Enquirer: 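Structure in structure tokens, see below.
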Amino acid sequence: DARALNELHHAQYGAAWLHGLQEVWVLRDLEVLGRETRVLEVACGAGRASIHLVRFLKPGRFACVEADELSLRAAVTYELPLNDLLAKKPRFALSSTFELGRLAPAGGAPLEVDVAMFFSVLNHLSEAQVRAALANVLAALAPGGHIVITHEWPRQLAAEAGLHCV
């Protein structure tokens, strides 16, 4: 039942659920987040940060790709309805290789985002998953877009991708 799913996914992440709001504050402090910003969250888990982003952004401006089915189900079937956010039309896709094709807007245009976020995720992914996610994100990143990572980024991968880390 939904309560059991709630307890399981809230306990699974180990950090306070409020941590998601703190992650959103990172974007605010970096001045890369506005209501019109097109945001991609890579590995959004059960929606700890997603619910705050969806609430803030205009409808249709949030997308997430997640590799863990239980986490994604918790976000979509529990957190979004609980927070009355379904009308904001967030898009979610399940992909262990972080493919973004299913997140593309209607009409066949490829996904394009202004901000891509990796919040507290890199230490949970294999190097192959990090490389796949990075390649997919770089292909979807709009000119002048930003990639925000809250954990140490492997410098070699950053250099290979031509990224400047601050």
Side-chain angles (χ1 to χ4, degrees), residues 1-13 15-122 124-125 133-134 136-150:
D1 90 349
R3 285 185 314 197
L5 183 59
N6 171 31
E7 293 303 319
L8 180 60
H9 82 266
H10 277 237
Q12 179 176 343
Y13 294 96
W17 200 247
L18 180 63
H19 185 65
L21 184 56
Q22 293 169 333
E23 291 171 335
V24 174
W25 293 341
V26 168
L27 296 178
R28 181 201 61 197
D29 292 347
L30 292 172
E31 298 180 357
V32 299
L33 185 64
R35 291 183 47 78
E36 295 281 344
T37 305
R38 298 167 298 176
V39 174
L40 170 66
E41 187 173 4
V42 177
C44 59
R48 185 169 55 185
S50 306
I51 59 172
H52 303 291
L53 288 163
V54 172
R55 184 178 293 120
F56 173 75
L57 296 169
K58 289 198 172 187
R61 302 306 249 178
F62 178 84
C64 165
V65 61
E66 172 59 57
D68 181 69
E69 185 177 358
L70 177 63
S71 295
L72 188 63
R73 272 197 348 231
V76 173
T77 64
Y78 185 82
E79 291 298 334
L80 290 175
L82 177 70
N83 289 280
D84 196 27
L85 296 172
L86 292 174
K88 298 286 281 227
K89 298 183 179 10
R91 292 168 295 177
F92 292 82
L94 179 66
S95 174
S96 62
T97 58
F98 300 99
E99 291 292 326
L100 304 178
R102 287 176 267 170
L103 294 171
L111 179 69
E112 186 174 72
V113 298
D114 303 305
V115 175
M117 313 173 334
F118 292 80
F119 281 155
S120 305
V121 67
L122 293 180
H124 301 289
L125 302 177
L134 179 60
N136 293 331
V137 164
L138 287 172
L141 198 63
H146 302 276
I147 298 174
V148 179
I149 301 164
T150 60

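Quick caveat, the model's predicted, so the values are computed rather than measured. The figures here come from the full heavy-atom set of this structure, side chains too, leaving out hydrogens, waters and symmetry mates. Residue numbers run from 1 in the order of the sequence given.
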Enquirer: Which heavy atom in Ala104 sits nearest to a heavy atom in Ala109, and how many Å separate them?
Expert: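 In terms of heavy atoms, the two residues are closest at CB-O, 3.3 Å.
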Enquirer: For Glu66 and Cys44, indicate whether the former's side chain and the latter's backbone hold a donor-acceptor pair under 3.5 Å.
Expert: yes
Enquirer: Do Thr37 and Arg61 touch side chain to side chain, with heavy atoms closer than 4.5 Å?
Expert: no
Enquirer: To the nearest 0.5 Å, what is the distance between CZ (Phe118) and CG (Leu125)?
Expert: 8.0 Å
Enquirer: Looking at side-chain heavy atoms only, is the closest gap between Glu112 and Pro143 below 4.5 Å?
Expert: yes
Enquirer: Looking only at heavy atoms, what is the nearest atom pair of Gly45 and Ala75, with distance?
Expert: O-CB, 3.9 Å
Enquirer: Locate the shortest heavy-atom distance separating Leu141 from Ala116; write the atom from each residue and the value.
Expert: CD1-N, 4.4 Å
Enquirer: When you compare the side chain of His146 with that of Leu30, does any pair of heavy atoms fall below 4.5 Å?
Expert: no
Enquirer: Considering non-hydrogen atoms only, spot the tightest contact between Thr77 and Pro81 and give its length.
Expert: O-CG, 3.6 Å
Enquirer: Side chains of Val148 and Phe119: closer than 4.5 Å at any heavy-atom pair?
Expert: yes
Enquirer: Show your reasoning for whether side chain to side chain contact (heavy atoms under 4.5 Å, CB included) applies to Leu57 and Leu33.
Expert: CA-CA 9 Å; Leu57 296 169; Leu33 185 64; 3.9 Å; yes
Enquirer: Using only atom types and a distance under 3.5 Å, with no angle test, would you say the side chain of Asn83 pairs donor to acceptor with the backbone of Ile51?
Expert: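 No, because the side chain of Asn83 does not come within donor-acceptor range (under 3.5 Å) of the backbone of Ile51.
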Enquirer: Which residues pass the side chain to side chain contact (heavy atoms under 4.5 Å, CB included) test with Glu31, sequence neighbours left out?
Expert: none
Enquirer: Taking the side chain as C-beta and beyond, is there a heavy-atom pair between Val32 and Asp114 under 4.5 Å?
Expert: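 The answer is no; the side chains never approach within 4.5 Å.
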Enquirer: Please tell me if the side chains of Leu85 and Arg55 come closer than 4.5 Å, counting only heavy atoms from C-beta onward.
Expert: yes
Enquirer: Rounded at 0.5 Å granularity, tell me how far CD in Glu69 sits from OG in Ser96.
Expert: 11.5 Å
Enquirer: Are any of the side-chain heavy atoms of Leu40 and Val115 separated by less than 4.5 Å?
Expert: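 They are not in contact (no side-chain heavy atoms under 4.5 Å apart), so the answer is no.
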Enquirer: Look at the side chain of Arg102 and the backbone N and O of Leu94, then say whether any donor-acceptor pair between them is shorter than 3.5 Å.
Expert: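 Here the side-chain-to-backbone pair exists.
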Enquirer: With rounding to the nearest 0.5 angstrom, report the NZ to CG distance, Lys89 to Leu80.
Expert: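 Those atoms lie 12.5 Å apart.
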Enquirer: Please test Val39 against Met117 for side chain to side chain contact (heavy atoms under 4.5 Å, CB included), starting from the C-alpha separation and ending with a verdict.
Expert: CA-CA 8 Å; Val39 174; Met117 313 173 334; 3.8 Å; yes
Enquirer: Tell me the closest heavy-atom pair linking Ala133 and Val42, and the distance in Å.
Expert: CB-CG1, 4.2 Å
Enquirer: Does Asp29, at its CG atom, have more than 12 non-hydrogen atoms belonging to other residues, nucleotides or ligands within less than 6.0 Å?
Expert: yes
Enquirer: Atom CD in Glu41, atom CZ in Phe92: separation rounded to 0.5 Å?
Expert: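 With rounding to 0.5 Å, CD (Glu41) is 8.0 Å from CZ (Phe92).
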Enquirer: Are Val65 and Asn136 side-chain neighbours, meaning at least one heavy-atom pair lies under 4.5 Å?
Expert: no
Enquirer: Mind listing the closest non-hydrogen atom pair of Ala142 and Arg38 along with its distance?
Expert: CB-NH2, 3.5 Å
